[in-house]
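All remarks here apply to the structure that follows.
Every chain is numbered from 1 and lettered A, B, ... according to where its sequence line falls, protein lines coming before strand lines.
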Number of protein chains: 2
Amino acid sequence: MSYQRMASDSPVARASCTQCHLPELCLPRSLPCGELLELADIALVSSPIQRGGIIFKSNSPFRAIYAIRSGMVKQYYECSDGQQKILGFYLPGEMLGFDGIAKGRHQYSAATLETTTICELNYEELKWVCSRTERLDERFHCLMSQEISKENESLLLLKSKTAEQRLAIFLNSLSCRYKQLGYSANEFKLSMSRAEIGSYLGLTIETVSRLFSRMQREGLIESHHHTLRILDPTHLHALCSEQC
Amino acid sequence: MSYQRMASDSPVARASCTQCHLPELCLPRSLPCGELLELADIALVSSPIQRGGIIFKSNSPFRAIYAIRSGMVKQYYECSDGQQKILGFYLPGEMLGFDGIAKGRHQYSAATLETTTICELNYEELKWVCSRTERLDERFHCLMSQEISKENESLLLLKSKTAEQRLAIFLNSLSCRYKQLGYSANEFKLSMSRAEIGSYLGLTIETVSRLFSRMQREGLIESHHHTLRILDPTHLHALCSEQC
DNA sequence: CGCGAGTTTGAACTCGCTCAATGAATGTGG
DNA sequence: CCACATTCATTGAGCGAGTTCAAACTCGCG
């Protein structure tokens with residue numbers, strides 16, 4: 001995989017949050033029109049970034065929060081040996097970069113998994129808008145709180161789910177998020193590699209591959225290359241909620 | 001273990017953040033005096049809560065953020081079978097409850113591990129003070145950001161550390177936090193049970209117990225009942241930073 | 001066509017788990 | 001104050017889910 005130039009070098013344009021089809025998921029959710037305009041005023045939309053494009057690098061100065069407009073992004077920790085540990089995948093309407101606020105530097109790196117456009121929200125400007133817009137500040141708190149909840153879920157997953165349950169939960173999560181975006185819940189593209197799925201779920205490539213094979217053999221899913229079809233959503237759900 | 005009445009029923013008093021010895025860690029860090037007074041005005045200090053006291057229950061309405069003033073608190077998920085999965089331990093100066101903001105309900109439960117006093121910060125009032133005090137709002141963002149970073153660390157720990165490394169990192173983390181509080185870095189009380197440590201680290205009681213025994217045999221630590229002495233901090237550090 | 005990255009499959013191993021028994025500490029009621 | 005109950009911790013033996021190592025297969029691309 002070849003990495004592109006930094007996304008921050010991409011040509012940018014002022015965002016028009018009012019015309020974006022994602023405001024009901026993204027930061028501006030349920031913001032009155034006037035305040036939406038203020039937010040749009042500080043949001044910069046990137047031009048499309050190819051697969052493998054870097055959004056930010058671990059340890060680089062923190063300047064902005066990023067919202068995915070289209071495509072998909074992975075956030076990961078880079079080990080000293082070059083290995084990547086995937087911390088999360090981000091879909092349209094989702095935001096990342098909050099972990100940089102505390103230390104003034106990004107703690108992890110983020111890269112695109114497919115052609116992606118992002119909205120960049122300069123943190124200083126965002127704080128300024130937040131300070132004058134109670135609703136927005138509240139929404140910002142909510143999003144960080146959501147991120148915390150999401151990570152707690154992941155912690156529980158890693159602590160007490162079997163390999164099969166982890167994969168089921170992962171596929172189910174993608175399914176739900178795609179559905180919410182108006183895409184098919186039962187047929188979508190898996191932009192990430194087996195290695196990335198494994199790293200995210202705390203499993204090896206081989207285990208992930210075997211699980212895909214088994215689930216396919218059992219008629220639960222159909223997976224070819226990077227396309228996935230969920231054939232038996234009920235059974236998949238059952239796997240997700242098994243025991244503790 | 002017997003549970004006490006809810007902490008929210010505890011007699012409370014207005015806090016005097018100005019006289020607390022923790023403001024350099026807690027929410028008010030580097031806040032100018034005047035703003036500190038505003039914060040103190042909304043902070044309620046609980047009377048001491050005995051071991052096993054509930055601070056909040058999973059699914060209860062979210063009203064406040066809590067800061068530990070003294071003692072120790074665990075946050076945990078309660079399985080349907082009554083089992084607890086520990087998500088984190090909180091020491092004086094640390095804050096918890098952020099995960100409740102997004103959904104308006106606490107996602108997890110929190111209970112004291114020893115006699116503890118807490119500061120309760122009503123979220124609505126806190127937002128009001130934040131909206132008029134830029135520095136405080138920033139600090140609030142920082143604390144949530146820190147929580148996100150801390151959980152990302154935990155995710156990495158669960159994904160790729162051996163049982164021994166996990167325990168070493170855990171003990172080291174406690175050591176650092178106690179040191180920062182002005183206590184001994186190499187001798188402190190482990191208020192949590194082996195089961196709680198195991199649950200937190202994604203290990204079984206037996207494994208934790210065996211690791212304590214082994215580390216003791218190897219002269220790394222000395223552990224009796226709930227007291228811990230780190231005999232070889234250098235070696236412990238080495239374990240923490242081993243490979244990836 | 002041949003190369004290389006990514007994936008699949010098999011076989012053997014291992015770390016941490018499960019099950020089980022014992023020991024130590026704390027609390028309780030007579 | 002002591003027997004008994006109860007909870008928590010320790011230790012051992014055997015097992016198994018997932019890993020490691022290795023080989024084969026697939027597919028896109030020069």
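- Helix bend of the helix from C/dC1-D/dG30 to C/dG30-D/dC1: the angle between its two end axes, each built from five pairs, comes to 30° after rounding to 10°.
- C/dC15 atom P lies 19 Å from atom CG of B/L158, rounded to whole Å.
- Scored by the salt bridge (charged side-chain N to carboxylate O under 4.0 Å, His left out) test, B/E147 finds B/K150 as partners (sequence neighbours excluded).
- Regarding contacts with the backbone of C/dT8, a side-chain N or O of A/S209 is found under 4.0 angstrom from either OP1 or OP2.
- Under 3.5 Å, the side chain of B/R210 and the base of C/dT18 form at least one donor-acceptor pair of N or O atoms.
- In the set C/dT7, C/dG16, D/dC8, the nucleotide with an atom closest to the side chain of B/T162 is C/dG16.
- Side chains of A/S47 and A/T117 form no contact here, defined as non-hydrogen atoms less than 4.5 Å apart.
- For the 3.5 Å distance criterion, the side chains of B/R166 and B/T162 fail to qualify, holding no donor opposite an acceptor.
- In this structure, a donor-acceptor pair under 3.5 Å is present between the side chains of B/Q75 and B/D99.
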message: The test is side-chain hydrogen bond (donor to acceptor under 3.5 Å, both in side chains); show your working for B/E78 and B/S109 and say whether it passes.
response: CA-CA 7 Å; B/E78 279 177 285; B/S109 304; 3.1 Å; yes
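- Legend: residues meeting salt bridge (charged side-chain N to carboxylate O under 4.0 Å, His left out) with B/E153, ordered by chain and number and at least two apart, are absent.
- The separation between B/R194 atom CZ and D/dT11 atom P is 10 Å, rounded to whole Å.
- A 4.5 Å side-chain heavy-atom check between B/E206 and B/V208 finds every atom pair outside the cut-off.
- For A/Y76 and A/Y108, the gap between ring centers reaches or exceeds 6.0 Å.
- Here A/R210 pairs with nothing under the salt bridge (charged side-chain N to carboxylate O under 4.0 Å, His left out) rule; sequence neighbours left out.
- A donor and an acceptor atom, one from each side chain of A/K103 and B/Q146, are nowhere located under 3.5 Å apart.
- Rounded to a whole Å, the CZ atom of A/R217 is 12 Å from the P atom of C/dT8.
- Of the charged side-chain nitrogens involved, at least one lies within less than 4.0 Å of a carboxylate oxygen, so that B/E94 and B/R177 count as a salt-bridged pair.
- Atom CZ in A/R214 sits roughly 11 Å away from atom C1' in D/dG18 (whole-Å rounding).
- In this structure, A/E164 pairs ionically with A/R214, as a charged nitrogen and a carboxylate oxygen lie closer than 4.0 Å.
- Summarising the geometry, the separation between CE on A/M192 and P on C/dG6 is reported as 15 Å, rounded to the nearest angstrom.
- Across residues 221-232 of chain B, B/H226 each have a non-hydrogen atom less than 4.0 Å from an atom of DNA chain D (numbered order).
- Look at CD on B/Q216: it is 14 Å from C1' on D/dT11, rounded to the nearest Å.
- When the P atom of D/dC8 is taken as reference, atom CZ of B/F212 falls 16 Å away, rounded to whole Å.
- A/S213 comes within contact range of the sugar-phosphate backbone alone, with a heavy-atom separation under 4.0 Å but no base atom that close.
- Between B/R51 atom CZ and C/dG27 atom C1' there is a gap of 14 Å when expressed in whole angstrom units.
- Heavy-atom distances under 4.0 Å link DNA chain D to B/I205, B/E206 of residues 199-207 of chain B, given in residue order.
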